[in-house]
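Per chain, numbering begins at 1; letters A, B, ... match sequence-line order.
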There are 2 protein chains.
Amino acid sequence: MHSEVVASRSADQRDSSRESRNGGSPQLDAVSLAIIQQLQEDGRRPYAAIGKAVGLSEAAVRQRVQKLLDQGVMQIVAVTDPLTVGFRRQAMVGINVEGDVESIADALTDMSEVEYVVMTAGSFDILAEIVCEDDDHLLGVINKRIRALPGVRSTESFVYLKLKKQTYMWGTR
Amino acid sequence: MHSEVVASRSADQRDSSRESRNGGSPQLDAVSLAIIQQLQEDGRRPYAAIGKAVGLSEAAVRQRVQKLLDQGVMQIVAVTDPLTVGFRRQAMVGINVEGDVESIADALTDMSEVEYVVMTAGSFDILAEIVCEDDDHLLGVINKRIRALPGVRSTESFVYLKLKKQTYMWGTR
DNA sequence: ACCACTTCTGCGAAATCCGCACGCTCGGGA
DNA sequence: TCCCGAGCGTGCGGATTTCGCAGAAGTGGT
């Protein structure tokens, strides 16, 4: 069967793999990156097909995928446009904080209506995306919950009118 | 010919089924919603398990999932924190436009570095998320490509420092 | 009533998933 | 140096899942 590739692979690849040492997380080698790439095209692609594409056995792919999931490096999920699924109001909220930014970010993370939280440089300290069912719900979250957090100095809201693009294809280019 | 006699419309049932009439898109019934919910928890969950959870046969679930994918209502993909996958600079860019907002949004959509585009109400007309490999790349995209678009009046950038939350669990609450 | 269309079901065959035992390489410690 | 454990990949059955298809059931239009 697949003969040559297997034999000499082990050594050289792991060196070239850790080229990109990113800041903190469990560094990924080139093979794991290729696996993720496959699963970004189709999250249900069979392990055997992925293995053929990246030059690994089915079982090896399965183990690596499982580890990536366990480590939280990636997740395999269905994504939708919330507007088509009954959530009719969304907004991005820019937040300015006095004091510890991270603790505010953590508080936002705990809210179920908040689906995206990122700390930023610029005229906002935090950007948070809110997904709600209607206007009342949205208003309540922003005014009663977010503005009520101690340390939140000010907020500015951007209500979504139309989602134009939503991709998950990093590395595919 | 067209007798619009509403004759025997045994009818209020269909109203209850489409409980959440959203604006335009192919309206989903409660069962499809439940299926999506299952796949938001685990994009690889077997069809039989989903069927058991939503009260449908394995084949029926499979057909509905296929249709949802074909219609573009959802996609099943691996999602990651780009920072752990080698894209070291991300930013949200707020854009103000003069003239046709939608054509600018379309132009942004065509850029591979732009992974999220939404038209908003508020002090920005458009929010776009940019994913780049390094500072030079990011700078180039913002200054050379986005600001160069005819109709873009001004931009403001928010460089990502730390991604705190990224969920795909709408409806799971 | 009849037809066209859609959706669900059941079922067998093929493909996939999963657990497990084994082999290999690389380091550390006596 | 030798030995041992950790980490990773491979191959192989058996259980499970996926896939395609034909038939049944419900709906709407003519």
Side-chain angles (χ1 to χ4, degrees), chain A residues 1-19 21 25-36 38-39 41-71 73-78, chain B residues 1-18 25-36 38-39 41-71 73-78:
Chain A
M1 313 303 274
H2 46 74
S3 44
E4 67 238 291
V5 197
V6 190
S8 59
R9 182 176 24 69
S10 46
D12 16 43
Q13 223 176 28
R14 43 180 63 219
D15 287 300
S16 67
S17 68
R18 69 175 61 178
E19 51 185 51
R21 63 167 166 341
S25 302
Q27 61 259 65
L28 310 174
D29 63 6
V31 179
S32 292
L33 221 54
I35 292 175
I36 292 174
Q38 294 284 319
L39 290 171
E41 291 172 17
D42 174 7
R44 272 180 170 263
R45 185 162 296 169
Y47 295 132
I50 298 173
K52 214 154 302 182
V54 307
L56 232 55
S57 72
E58 176 268 342
V61 172
R62 178 156 37 92
Q63 289 166 354
R64 287 178 95 122
V65 167
Q66 192 56 52
K67 200 170 68 169
L68 290 170
L69 294 173
D70 290 343
Q71 288 175 161
V73 174
M74 73 171 180
Q75 41 186 335
I76 299 176
V77 293
Chain B
M1 323 315 187
H2 41 54
S3 62
E4 46 113 18
V5 193
V6 196
S8 64
R9 192 119 78 93
S10 58
D12 342 72
Q13 283 170 329
R14 48 185 21 236
D15 288 295
S16 69
S17 73
R18 72 167 69 165
S25 303
Q27 60 258 69
L28 311 173
D29 63 7
V31 178
S32 290
L33 222 53
I35 291 174
I36 293 175
Q38 293 286 319
L39 289 170
E41 291 173 18
D42 175 6
R44 273 181 169 263
R45 185 163 298 170
Y47 295 131
I50 299 173
K52 213 155 303 179
V54 307
L56 232 53
S57 72
E58 175 268 341
V61 173
R62 178 155 38 90
Q63 289 165 354
R64 286 177 95 120
V65 168
Q66 193 56 51
K67 198 170 71 170
L68 290 170
L69 294 173
D70 291 342
Q71 287 175 163
V73 174
M74 72 169 181
Q75 42 186 335
I76 300 176
V77 293

Using atom types as modelled, flag every donor-acceptor pair under 3.5 Å from a side chain in residues 45-57 of chain B to any protein atom, sequence neighbours excluded.
residue	atom	partner	partner atom	Å
B:R45	NH1	B:Q38	OE1	2.6
B:R45	NH1	B:E41	OE1	3.4
B:S57	OG	B:A60	N	3.2

Any side-chain heavy-atom pair of B:I36 and B:L28 under 4.5 Å
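SC-SC contact between B:I36 and B:L28 confirmed.
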Less than 4.5 Å apart, side chain to side chain, heavy atoms only: is that true for B:V65 and B:M74?
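When only atoms from C-beta onward are counted, B:M74 and B:V65 do touch, with a gap below 4.5 Å.
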Starting from [atom2] on [N], measure out to [atom1] on [X] and report it in whole angstrom.
X     : N      : atom1 : atom2 : value
B:L56 : C:dT6  : CG    : C1'   : 14 Å
A:D29 : C:dT25 : CG    : C1'   : 16 Å
A:I50 : D:dG9  : CD1   : C1'   : 16 Å
A:L69 : C:dC18 : CG    : P     : 11 Å

How many angstroms lie between [atom1] in [X] and [atom2] in [Y], if you round to the nearest 0.5 Å?
X     : Y     : atom1 : atom2 : answer
A:Q66 : A:Q71 : CD    : CD    : 10.5 Å
A:Q63 : A:E58 : CD    : CD    : 9.0 Å
A:D42 : A:I76 : CG    : CD1   : 9.5 Å

Would you name the heavy atoms of B:R64 and B:I35 that are closest together and state the gap between them?
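Nearest pair, atom of B:R64 first, then B:I35: CD-CD1, 3.9 Å.
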Which pair of heavy atoms, one from B:R44 and one from A:G43, lies closest together, and at what distance?
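Where B:R44 meets A:G43 most closely, the heavy atoms are NE-O, 3.1 Å.
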Taking the minimum atom-to-atom distance to the side chain of A:A60, which one of D:dC8, D:dT10, C:dC8 wins?
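Closest nucleotide among those given: D:dT10.
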Sugar-phosphate atoms are those with a prime plus P, OP1 and OP2; base atoms are the rest. Using that split, label each nucleotide of nucleotides 14-25 of chain D B, S or - for protein heavy atoms under 4.0 Å, 5' to 3'.
---SBBB-----
Considering just the side-chain nitrogens and oxygens of B:K67, establish if one lies under 4.0 Å of OP1 or OP2 belonging to C:dT6.
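For B:K67, the contact criterion (side-chain N or O under 4.0 Å from OP1 or OP2 of C:dT6) is not met.
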Overall bend - the helix from C:dA1-D:dT30 to C:dA30-D:dT1, comparing terminal axes fitted on five pairs, nearest 10 degrees
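About 30° separates the two local helix axes.
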